[in-house]
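So that the names make sense, note that chain A is the first sequence line, chain B the second, and so on, each numbered from 1.
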There are 2 protein chains.
Amino acid sequence: MTEQISGFVPHDHHHCITSALDTAADQCRERGVQFTPVRKRVLEILLEAHTAMGAYDVLARLDAEGLGSKPPVAYRALSFLVEQGFAHRIEKLNAFVACSHPAATHSPAFMICRSCNTVAEADMPETFGAPAEQAGFTIEKTVIEAEGICQNCKDSE
Amino acid sequence: MTEQISGFVPHDHHHCITSALDTAADQCRERGVQFTPVRKRVLEILLEAHTAMGAYDVLARLDAEGLGSKPPVAYRALSFLVEQGFAHRIEKLNAFVACSHPAATHSPAFMICRSCNTVAEADMPETFGAPAEQAGFTIEKTVIEAEGICQNCKDSE
DNA sequence: AAGGCAGTGTTATAGTATAACAAGTGCGCA
DNA sequence: TGCGCACTTGTTATACTATAACACTGCCTT
Ligand SMILES: [Zn+2]
Ligand SMILES: [Zn+2]
Ligand SMILES: [Zn+2]
Ligand SMILES: [Zn+2]
């Protein structure tokens with residue numbers, strides 16, 4: 001199975017959840033940061049959804065489970081996950097999605113299907129190189145998001 | 001003067017404002033859409049600022065001039081300008097900026113200086129080609145934004 | 001025990017954006 | 001002339017997104 005670009009293809013979802021959680025736990029141990037119950041559960045929620053979720057959607061789940069009911073609880077956990085690279089923020093959607101390759105640091109690019117709302121993560125090195133150099137601009141973070149329609153949705157039109 | 005990437009370089013600003021307004025007026029005539037006073041003034045405000053502005057900042061200006069005081073007035077004008085390609089939305093900043101090359105349709109890329117808040121527009125064709133094709137994804141719009149530090153700010157550190 | 005630190009709980013508020021409906025304007029046509 | 005239509009604007013109300021600030025807890029260190 002090519003895992004270059006997951007998201008639009010079926011896959012063993014139970015496995016991809018537990019494996020991502022394990023990876024996150026490992027990395028937290030290595031980095032000396034805490035993978036607390038709230039943080040873990042939020043990552044798990046994003047992984048289960050397997051698509052981008054708004055902070056308040058995540059919060060609703062937490063609330064239903066008694067893990068927190070106020071916005072800062074969700075926002076803090078999500079910020080942590082984003083900082084650690086376990087999740088990404090999709091600016092275009094004001095939403096968050098679990099990372100598809102949490103092992104390495106990377107600057108991700110996303111393809112967002114406007115029909116089924118699937119968000120697929122691709123790895124896109126070097127995007128900005130030339131114009132940035134030309135302008136003497138030093139890049140620290142990039143946001144790369146494409147909106148369109150995925151193969152599945154195109155086929156079923 | 002190289003106009004490849006404006007924004008970080010000094011330029012004749014009065015000229016770039018009037019010329020952008022003229023271009024917009026022409027295009028509206030061609031397309032049969034109305035370049036109303038509010039729409040024109042909002043574009044002018046963005047051009048004068050020459051950086052990204054939040055919708056409520058624009059609205060404050062409109063209000064001071066008696067052109068409208070309620071959010072929808074600003075949002076409608078901004079939406080129009082974005083639709084027509086005279087301005088762009090910067091997702092990362094929840095803000096709007098006048099287009100630097102309003103003549104042709106294009107998919108723009110932005111470099112945002114976190115120090116001086118300058119927003120420079122570059123033209124970036126073909127960014128997403130390969131990974132999108134691989135996934136059978138059809139791109140309709142792209143958001144490409146880089147945050148970092150510009151040459152000027154780097155020099156003065 | 002005392003103090004510091006990280007995380008969580010909570011209140012309150014700030015900032016961003018749109019739905020819905022009313023009212024004005026210009027324009028072609030009966 | 002006067003009506004209907006398309007478009008824009010004015011306004012109210014509300015929804016959605018996000019953070020500041022402070023109190024409290026548990027834990028580790030001194
Ligand atoms: Zn999965
Ligand atoms: Zn789809
Ligand atoms: Zn200018
Ligand atoms: Zn700068």
For A/Gln34 and A/Arg39, test the side chains for any donor-to-acceptor distance below 3.5 angstrom and give the result as yes or no. no
Send over the distance from A/Lys40 NZ to C/dG7 P, rounded to a whole Å. 17 Å
Would a distance-only check, ignoring hydrogens and angles, find a side-chain to backbone donor-acceptor pair under 3.5 Å from B/Arg31 to B/Gln84? yes
Rounded to whole Å, how long is the line connecting atom CG of A/Leu81 with atom P of C/dG7? 12 Å
Does A/Glu145 offer a backbone N or O that forms a donor-acceptor pair with the side chain of B/Lys141 under 3.5 Å? no
Where the side chain of A/Phe96 is concerned, which of D/dG10, C/dT16, D/dA18 is the nearest nucleotide? D/dA18
Interatomic distance where OH belongs to A/Tyr75 and P belongs to C/dT10 [whole Å]: 18 Å
Compute the ring centroids of A/His88 and A/Phe96, then answer whether they are less than 6.0 Å apart. no
Per nearest nucleotide of DNA chain C, the residue lying toward the 5' end, A/Ala77 or A/Pro71, is A/Ala77
C/dT18 P sits how many Å from A/Asn94 CG, rounded? 10 Å
Output the rounded distance in Å from CG (A/Leu93) to P (D/dA18). 11 Å
When you compare the protein's N or O atoms with those of nucleotides 21-30 of chain D, which come within less than 3.5 Å of each other, and at what distance?
none

Main-chain N/O of B/Cys113 paired with B/Glu147 side-chain donor or acceptor, under 3.5 Å: no
Spell out, as yes or no, whether a donor-acceptor pair under 3.5 Å connects the side chain of B/Glu44 to the backbone of B/Leu21. no
Nearest whole Å is fine: how far is D/dT9 P from B/Phe35 CZ? 12 Å
Between C/dG7 atom P and A/Leu78 atom CG, what is the distance in whole Å? 15 Å
Please tabulate the protein-to-nucleotide N/O contacts below 3.5 Å involving nucleotides 6-8 of chain D, giving atom names and distances.
| unit_1 | atom_1 | unit_2 | atom_2 | d |
| --- | --- | --- | --- | --- |
| D/dC7 | O3' | B/Gln34 | NE2 | 3.2 |
| D/dT8 | OP1 | B/Arg39 | NH1 | 3.1 |
| D/dT8 | O5' | B/Arg39 | NH2 | 3.3 |

CG on A/Leu59 to NZ on A/Lys70, rounded to 0.5 Å: 9.5 Å
Do A/Cys16 and A/Leu47 have side chains that get closer than 4.5 Å, going by heavy atoms? no
When every non-hydrogen atom of B/Cys99 is compared with those of B/Gly85, the smallest separation belongs to CB-O, 3.6 Å
Is B/Phe80 close to B/Val42 at the side-chain level, that is, under 4.5 Å between some pair of heavy atoms? no
Proximity to DNA chain C (any heavy atom under 4.0 Å), residues of residues 56-70 of chain B only: B/Tyr56
Would you compute the distance between atom CD1 of B/Ile149 and atom CG of B/Asp155 and round it to the nearest 0.5 angstrom? 9.5 Å
